[in-house]
Every structure is written in structure tokens, then in C-alpha cells.
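Encoded as C-alpha cells, the structure appears first; notes follow it.
Sequence positions, counted from 1, serve as the residue numbers for this chain.
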Amino acid sequence: MSISTGAGVFHAIVAGPPEGRPVLLLHGFPQTGLTWQRQIAALAAHGYRVVAPDQRGYSPGARPQRPEDYRISLLVDDVVAITEELGWTAFDLVGHDWGGAVAWWTADAHPSRVRTLTVVSTPHPGALATALRTDKDQRERSHYMIDWRETPATEERMLAHDALELRALYAGKVPQDSAEAYVRHLSRPGALTAALNWYRAGRPDGAIGVIDVPTLYIWSTEDSAFGAAAAQETGRWVNGPYRFETLQGVSHWVPEEAPETLSRLLLEHLRAHGEYGTAASIPFADSPKR
């Protein structure tokens, strides 16, 4: 479906009964809402109303040209605008990679609207900042972001030789048909520049706080972008009920590499926190709190 907002028109994959409990799924780089196809099917089969938009820059109808138009505050505004257009006063929010970062910031800015939060791969921004200051491993893992921001020729390099470098990012962990769909999408004029503008937009407008909504954070041991230090620090940034799951031997591309496990964990988290956000009487992993 197409979702019209003041920021533009967002393409979205939609499934599940219209009256179902609403869940918004946010993808990362360099993907689209298609990354969630297995989770969309699982959630819809259990009666949830699921929407997975192609985010700002990925949707041709919402693709401003300036890097500063991809600031995190505007990406959060997109989430609010999309859900308001859908008529959702409250919703469950799920994000992976950059979508995970947007999800953290949205939960901080709009806790009354986010019933539950699930973030895959991406640590809490505060935890990542701590790791970047104190952990050499995380600084080395994150160096690519500096290169992508400061090298205007990144698009040309990624798309050269039939998008060889772009294809390599998926590391053989994303199904071939999905990887080809992403490459086709990002090879269209202006699409890859828009996606990279997320990295070029500059620092956030302000500071993020501790998250109060029920949160599930899923990290995988073979994630090339995010190391153990930031993942373990994330629990200190959540005051609400917190569950931390580690997937052994799984890479960064969790939604497509471990779809059944992710769907199961997501459904457990949603069921643990009912229609009005009340926690069920089940144990959650202990975690330090800030």
C-alpha cells in the first residue's frame, strides 16, 4: 500500500487483519521492508496487523536530496506520521540495523505510543556511544561509517562491476532473490545516495534517554557491525521490562538468516505484554539498570 504523509508517500508491505493489534517493522541499510517477509507472515498468521514501510529515501515518493533531511529526529517524525495516517494511537515497534536506531529514538521520544519495543542487532545509541569511547573492537567495527560519510564516490564504488561491493555486504547470508531485489532497488537513480544520506546526516539533534517501554533486544555473535561490549551495555539503558537474547553463530542479517528464531522471540515478546502493555508473569533476563 501507499501511505501519504507530510514528508511524502511511503511504500509499505501490509498483512494481517485490519482490526489486529498493530505492529510496525523498520528495515535497515541496504534493504527495504522486504527484509521482514518471514516475520510479516508469522505475525499476520497470529492475527497481528503488520506494516513494513520502505523508509525515507528508500521510498521514491519520500526521497529528499539533502543529507540533513535524514536527521534522526525527522526519521522519528516519519514513524509518527505513518502511524497517525494508519490511525494507530499505540503500536508495537520493531527495528533492525538503522531501523533499530530509529526504533530506539522513537521509543524514547514517544513512550506513550510505543506499546513494546523490539530491536534486532542495533544496541541502544547510548550504549553504542559508550562502546565507541571505551572499546577498541567497536571503534574498528564502526570505521566503515566514517568512510561512507566522507567519501562522495561511495555510490560509484558500491555499484561498480554489477554492484559487486553492494552485493558483498549481504555476505551470502541474505537469500539470493532478496539480495537481487535490494540491488535492483538501490541501483535506481538517487536511491543509493538517499540510503547513504542516513550516514551523512550528522549527529542527532539531542540526547537519548533510558527506555521505559517493555524491550526485547536481540544480538548475534557474528555481527560484523556491533560487538559484545555495546550489546551488553544496552541493558543499562532500559528501565522497562527487558529481555536480551544472543543468537550464537548468526551474522548481522538476523531477519533473513534466522527467521524462525526471530519470529518466535518476537511473538513471545508481544504475548508477554498484552493489549494495554501489561507484563505477563514470566521471567525476563536480569540486566543492570542505569
If I compare all heavy atoms of Pro30 with all of Leu169, which pair ends up nearest, and what's the gap?
CG-CD1, 4.0 Å
Under 3.5 Å, is there a donor on one side chain and an acceptor on the other for Gln37 and Ser178?
yes
Check the pair Leu93 / Thr116 against side chain to side chain contact (heavy atoms under 4.5 Å, CB included), numbers first and verdict last.
CA-CA 6 Å; Leu93 184 59; Thr116 69; over 6 Å; no
So Trp104 and Ile211, do their side chains get closer than 4.5 Å, heavy atoms only?
yes
Under a 4.5 Å cut-off applied to non-hydrogen side-chain atoms, are Val23 and Arg49 in contact?
no
Presence of salt bridge, Asp137 and Arg141, under 4.0 angstrom
yes
I'd like to know if Arg63 pairs up with Asp69 as an ion pair, taking the criterion as any Lys NZ or Arg NE/NH1/NH2 lying under 4.0 Å from an Asp or Glu carboxylate oxygen.
no
Here the pair of heavy atoms bringing Glu256 nearest to Pro175 is CB-CD, 3.7 Å
Under 3.5 Å donor-acceptor, Tyr70 side chain and Pro64 backbone:
yes
I'd like to know if the side chain of Thr83 and the backbone of Val79 have a donor-acceptor N/O pair within less than 3.5 Å.
yes
Minimum side-chain heavy-atom gap Val94-Leu24 below 4.5 Å:
no
Strictly by modelled atom types, are Ser121 and His96 linked by a side-chain donor-acceptor pair under 3.5 Å?
yes
Minimum heavy-atom distance between Trp36 and Ala52, given as atom pair plus value
CD1-CB, 4.2 Å
Short question: side chain of Arg56, backbone of Ala62 - any donor-acceptor pair under 3.5 Å?
no
Considering all heavy atoms, the nearest His273-Arg21 contact
O-NH2, 2.8 Å
Using a strict threshold of under 4.0 Å (side-chain N to carboxylate O), is an ion pair present between Arg264 and Glu245?
no
Check: Gly209 main-chain N/O paired with His124 side-chain donor or acceptor under 3.5 Å
yes
Look at the side chain of Arg243 and the backbone N and O of Thr215, then say whether any donor-acceptor pair between them is shorter than 3.5 Å.
no
Worked verdict on Val120 versus Leu262 for side chain to side chain contact (heavy atoms under 4.5 Å, CB included):
CA-CA 9 Å; Val120 185; Leu262 176 54; 3.8 Å; yes
Any chance the side chains of Ser251 and Glu257 put a donor and an acceptor closer than 3.5 Å?
yes
Backbone N or O of Ala225 within a donor-acceptor pair of the Asp223 side chain at under 3.5 Å?
yes
Does the separation of the ring centres of His27 and Tyr58 fall below 6.0 angstrom?
yes
Please test Val119 against Leu216 for side chain to side chain contact (heavy atoms under 4.5 Å, CB included), starting from the C-alpha separation and ending with a verdict.
CA-CA 6 Å; Val119 179; Leu216 168 64; over 6 Å; no
Taking all atoms of both residues into account, what is the closest heavy-atom pair of Ala109 and Val76, and its distance?
CB-CG1, 4.5 Å
Can you confirm whether Glu140 sits close enough to His143 that some side-chain heavy atom of one is under 4.5 Å from a side-chain heavy atom of the other?
no
Val250 versus Thr221: any side-chain heavy-atom pair under 4.5 Å?
no
Please state whether the rings of His252 and Phe226 are parallel, tilted or perpendicular, taking 30° and 60° as the class boundaries.
tilted
Got Ile72 and Trp98 here, is their nearest side-chain heavy-atom distance under 4.5 Å?
yes
Answer with yes or no whether the side chains of His46 and Arg271 bring together a donor and an acceptor at under 3.5 Å.
yes
Would the Tyr199 and Phe29 ring centres measure less than 6.0 Å apart?
yes
Tyr144 and Trp148 aromatic ring geometry - parallel, tilted or perpendicular at 30°/60° bounds:
perpendicular
Is Asp162 paired with Arg167 through a side-chain N to carboxylate O contact shorter than 4.0 Å?
yes
With hydrophobic residues grouped by side-chain heavy-atom distances under 4.5 Å, do Ile82 and Val14 end up in a single group?
yes
Determine whether Leu159 and Ser187 make a side-chain contact, defined as any pair of heavy atoms from C-beta on separated by less than 4.5 Å.
yes
Could you tell me whether Glu222 and Lys173 make a salt bridge, using a distance below 4.0 angstrom between a side-chain N and a carboxylate O?
no
Is the number of heavy atoms from other residues, nucleotides or ligands under 6.0 Å of Glu156 CD greater than 12?
no
Tell me yes or no: between the side chains of Glu85 and Thr5, is some donor less than 3.5 Å from an acceptor?
no
Would you tell me whether Ser73 and Asp205 have side-chain atoms, one donor and one acceptor, within less than 3.5 Å of each other?
yes
Heavy-atom pair of closest approach, residues Leu186 and Ala195
CD2-CB, 4.1 Å
Backbone N/O of Gly227 and side chain of Gln138: donor-acceptor pair under 3.5 Å:
yes
For Ser59 and Gln55, test the side chains for any donor-to-acceptor distance below 3.5 angstrom and give the result as yes or no.
no
Check Arg200 with Glu155, please: is the shortest side-chain N to carboxylate O separation under 4.0 Å?
yes
Are any side-chain N or O atoms of Arg113 and backbone N or O atoms of Trp88, one a donor and one an acceptor, separated by less than 3.5 Å?
yes
